[in-house]
Amino acid sequence: MLWRQAKEEEGSFIYGDDAKRRTMVFFNDSGFLGYLFWSEVRDGTGKKEPVLRQLFVKKEFRRQGIGAAAVKLWAERFAFPLASQFGVEAPSQDTIRILVKLGYLHRDDKNKLVPA
């Protein structure tokens, strides 16, 4: 149901594999605000690596810091206990903006995005 609502607002969303995906859903007193999907993959050495798959915030709640708060909470509680960095699958410009704002990405001297 959540994915369908996100798909209506953002046609580029990909659903993914139920068996591998983890979900964090956020609400306030009035109801559903959005969600964050992630999964864990194994790197070349067999260590788990967290991957942020999707971040969705309902249109009427965007630009209020909800997405940034969700990513920060996820990174601190789920991603960084597993690894020092995390992957991001096909980030939107809004997600990139959040990752830069939080300090997880930055632009090098050639304006290329690199992990912080």
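Atom-to-atom distance recorded for Gln54:CD and Thr95:OG1 is 9.5 Å, nearest 0.5 angstrom. To the nearest 0.5 Å, atoms CZ (Arg97) and CZ (Arg63) are separated by 4.0 Å. Here Arg62 contributes atom CZ and Glu60 contributes atom CD; the two are 8.5 Å apart, rounded to the nearest 0.5 Å.
Nearest approach of Phe78 to Met24, heavy atoms of both residues: CE1-SD, 4.5 Å. For Glu76 against Pro81, the heavy-atom pair with the smallest separation is O-CD, 3.5 Å. When every heavy atom of Phe86 is checked against every heavy atom of Ala79, the shortest pair comes out as CD2-CB, 4.0 Å. The shortest non-hydrogen separation linking Ala70 to Leu55 is CB-CD1, 4.4 Å. Of all the heavy atoms in Phe26 and Val57, the pair that sits closest is CE1-CG2, 4.1 Å. Between Val51 and Val88, the shortest heavy-atom contact is CG1-N, 4.4 Å.
Between Trp74 and Pro50 there is a side-chain heavy-atom pair separated by less than 4.5 Å. Taking the side chain as every heavy atom from C-beta outward, Leu52 and Phe37 never approach each other to under 4.5 Å. Arg42 has its side chain out of reach of Glu49: every pair of non-hydrogen atoms, C-beta onward, lies at least 4.5 Å apart.
Linking ILVMFWY side-chain heavy atoms closer than 4.5 Å, directly or via other members, places Ile98 and Phe80 in a single hydrophobic cluster. Hydrophobic cluster membership is shared by Leu102 and Leu73, with clusters built from Ile, Leu, Val, Met, Phe, Trp and Tyr side chains linked at under 4.5 angstrom.
Residues Ser30 and Asn28 bring a donor and an acceptor atom of their side chains to less than 3.5 Å of each other.
Taking Val100 as the reference, Ile96, Leu105, Leu113 meet the side chain to side chain contact (heavy atoms under 4.5 Å, CB included) condition, with sequence neighbours excluded. Partners of Ser84 by side chain to side chain donor-acceptor pair (under 3.5 Å), not counting sequence neighbours: none found. In this view, Asn111 satisfies the side chain to side chain donor-acceptor pair (under 3.5 Å) rule with no residue, not counting sequence neighbours.
The aromatic rings of Tyr35 and Phe56 sit tilted relative to each other, their planes meeting at an angle between 30° and 60°.
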(message) Evaluate Lys58 against Leu33 for side-chain contact (heavy atoms from CB on, under 4.5 Å), listing each step before the verdict.
(response) CA-CA 6 Å; Lys58 288 175 69 175; Leu33 301 175; 5.8 Å; no
(message) side-chain hydrogen bond (donor to acceptor under 3.5 Å, both in side chains), that's the test. Do Asp43 and Thr45 meet it? Break it down for me.
(response) CA-CA 5 Å; Asp43 68 10; Thr45 66; 2.7 Å; yes
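Atom CZ of Arg77 has 12 or fewer heavy atoms from other residues, nucleotides or ligands within 6.0 Å.
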